[in-house]
There are 2 protein chains.
Amino acid sequence: MTAKKIEKDTENKILEAAKKVFVLKGLDGARMQEIADEAGINKALLHYYFRSKDQLFMMIFKVEIGNFFPRLIPILLSKEMTFDQKIYHFVENYIDLFLRNPFLPTFIIREINRNPQMVAQFFIEAGIESNNFKQIIAGFAGELGISPKEAFHLIINTVSACIFPFAGRPIIEQVFFDGNTAEYNHFLEERKKFVAEFVVNSIKGRMINTK
Amino acid sequence: MTAKKIEKDTENKILEAAKKVFVLKGLDGARMQEIADEAGINKALLHYYFRSKDQLFMMIFKVEIGNFFPRLIPILLSKEMTFDQKIYHFVENYIDLFLRNPFLPTFIIREINRNPQMVAQFFIEAGIESNNFKQIIAGFAGELGISPKEAFHLIINTVSACIFPFAGRPIIEQVFFDGNTAEYNHFLEERKKFVAEFVVNSIKGRMINTK
DNA sequence: GTCTATACGGTGATAGAC
DNA sequence: GTCTATCACCGTATAGAC
């Protein structure tokens with residue numbers, strides 16, 4: 001095993017540990033000592049690799065916000081799916097992402113509100129254009145015969161229904177499931193189907209209204 | 001002005017300042033010095049009135065989570081409104097609550113995930129029974145001819161659509177509104193109507209499906 | 001590259017005068 | 001009740017040996 005390989009290993013161990021701790025506790029709640037323990041090294045090495053807590057945090061944040069938001073644009077932009085198919089696909093994939101990363105929504109919500117400037121900076125650096133989103137909205141509006149404004153609210157409603165049950169889990173699980181974690185996981189799994197149906201039905205119901 | 005009155009004044013000034021700082025920055029991010037500055041007093045007085053940071057925080061948390069969740073149960077339990085009316089009423093009032101307290105959703109999400117135990121403790125202390133919620137679910141299921149499970153998903157979808165645009169504001173505002181705060185406020189105001197319509201339409205669309 | 005030891009600043013909390 | 005001064009501790013960051 002080369003020195004280079006060892007170096008990469010340590011760096012990855014740190015990043016993995018930092019992700020775990022930062023995602024769970026946030027920048028303010030995380031402790032460098034805890035990250036070091038989690039990585040099986042000592043504090044000094046963290047600074048050797050990443051200089052400061054803030055810099056280490058930014059490494060994690062940039063990756064995680066990249067996972068959170070723009071990953072699913074291709075689904076919504078696809079030319080080969082109907083609106084219904086896109087919604088089913090999107091909801092299933094998005095909820096699945098959170099089932100694999102249950103604390104991602106809370107992490108993102110916590111940190112973007114702690115420092116909203118990071119968001120603007122990220123979208124500039126990553127070169128993400130709002131054109132993609134406007135294209136999705138326009139596409140939905142055209143296909144469904146609704147206004148872009150209404151299409152946008154629809155997208156927000158869909159995204160909300162995917163994310164909130166993860167961010168608000170402690171309350172919902174306590175109130176409605178008496179703290180039963182297994183049942184709550186089942187509920188989240190169910191939502192892949194129910195949320196998509198809900199959205200699709202809403203459009204159907206709207207069409208009848210205007211006839 | 002009596003001594004008692006002065007005492008109450010100071011206590012209220014502290015609570016007001018603590019609310020402001022804790023809601024914005026969370027327990028981990030808040031500093032006692034900042035709360036003291038905001039209240040126009042010094043740190044020692046905070047401890048004189050509330051012993052510790054944790055105790056002061058709990059004062060705020062209990063009030064705010066009380067605002068957040070159970071306040072709107074009466075609307076949903078009312079016998080004098082149809083399902084549609086309840087939804088319109090609920091959504092309007094809930095979004096309105098957040099327009100007046102824009103950082104409440106983020107605060108609650110941040111803190112319940114930091115310490116989920118607080119949630120269980122709160123609901124026990126406050127004597128809130130999950131029966132109310134089960135009654136609401138059963139009521140919806142009966143009136144709409146759907147399963148309790150589906151009625152529950154519907155409620156979660158509705159709540160999600162009210163809350164998430166506040167918790168996820170920095171991202172949505174940046175991506176879709178180029179950081180324009182006034183436009184985003186307008187969007188939030190609009191949602192009172194759009195979210196309620198969305199939910200009601202979904203039920204209409206579902207009915208047609210099963211016919 | 002990795003460790004131990006330590007410097008340094010900040011933060012919650014207390015003591016004690018008024 | 002309210003203040004100033006101060007303590008004790010903790011957390012980030014660095015120095016320096018290996």
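The structure displayed is predicted, hence computed values, not measured ones. Chain naming here is simple, since letters A, B, ... match the order of the sequence lines and numbering starts at 1 in each.
- The nearest whole Å value for the distance from the OH atom in B:Y49 to the P atom in C:dT14 is 17 Å.
- As rounded to whole Å, 15 Å separates atom C1' of D:dA5 from atom CG of B:L45.
- Using a 4.0 Å cut-off between a side-chain N of Lys or Arg and a carboxylate O of Asp or Glu, A:K13 and A:E16 do not qualify as a salt bridge.
- Atom C1' of nucleotide D:dT2 and atom CD1 of B:I14 are separated by 11 Å, given to the nearest angstrom.
- Between the side chains of A:Q117 and A:Q121, no donor N or O sits under 3.5 Å from an acceptor N or O.
- Atom NZ of B:K8 and atom P of D:dG1 are 10 Å apart (whole Å).
- Per the geometry, NZ belonging to B:K13 stands 11 Å off C1' belonging to D:dT2, to the nearest Å.
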So B:F152 and A:F194, ring-ring contact (aromatic ring centres under 6.0 Å, His included) or not? Walk me through it. CA-CA 10 Å; B:F152 178 55; A:F194 277 111; over 10 Å; no
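- By the 4.5 Å heavy-atom criterion applied to side chains, B:L27 and B:N115 are not counted as neighbours.
- The interatomic distance linking B:F50 (CZ) with C:dG12 (P) rounds to 16 Å, in whole Å.
- Between its opening and closing five pairs, the helix from C:dG1-D:dC18 to C:dC18-D:dG1 changes axis direction by 10°, a value rounded to 10 degrees.
- In this structure, A:I41 places its CD1 atom 12 Å from P of C:dT4, rounding to the nearest Å.
- Between the side chains of B:R169 and A:N113, no donor-acceptor pair is found at a separation under 3.5 Å.
- Put simply, CG on A:N42 is 13 Å from C1' on D:dC18, counting in whole angstrom units.
- There is no side-chain donor-acceptor pair under 3.5 Å between A:N185 and A:E189.
- Environment of CE in A:M58: crowded, with over 12 heavy atoms of neighbouring residues, nucleotides or ligands closer than 6.0 Å.
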Taking only N/O atoms, report every protein-nucleotides 11-15 of chain D pair under 3.5 Å with atom names and distance.
unit_1: D:dG11; atom_1: OP1; unit_2: A:R31; atom_2: NE; d: 3.3
unit_1: D:dT12; atom_1: OP1; unit_2: A:K53; atom_2: NZ; d: 3.0
unit_1: D:dT12; atom_1: OP2; unit_2: A:M32; atom_2: N; d: 3.0
unit_1: D:dA13; atom_1: OP2; unit_2: A:H47; atom_2: NE2; d: 3.0
unit_1: D:dA13; atom_1: OP2; unit_2: A:K53; atom_2: N; d: 2.7

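- Judged by a 6.0 Å distance limit and a 45° cone about the ring axis, B:R114 is positioned over the six-membered ring of B:F57.
- Counted within 6.0 Å of NZ on A:K25, heavy atoms from surrounding residues, nucleotides or ligands total 12 or fewer; the atom is thus considered open.
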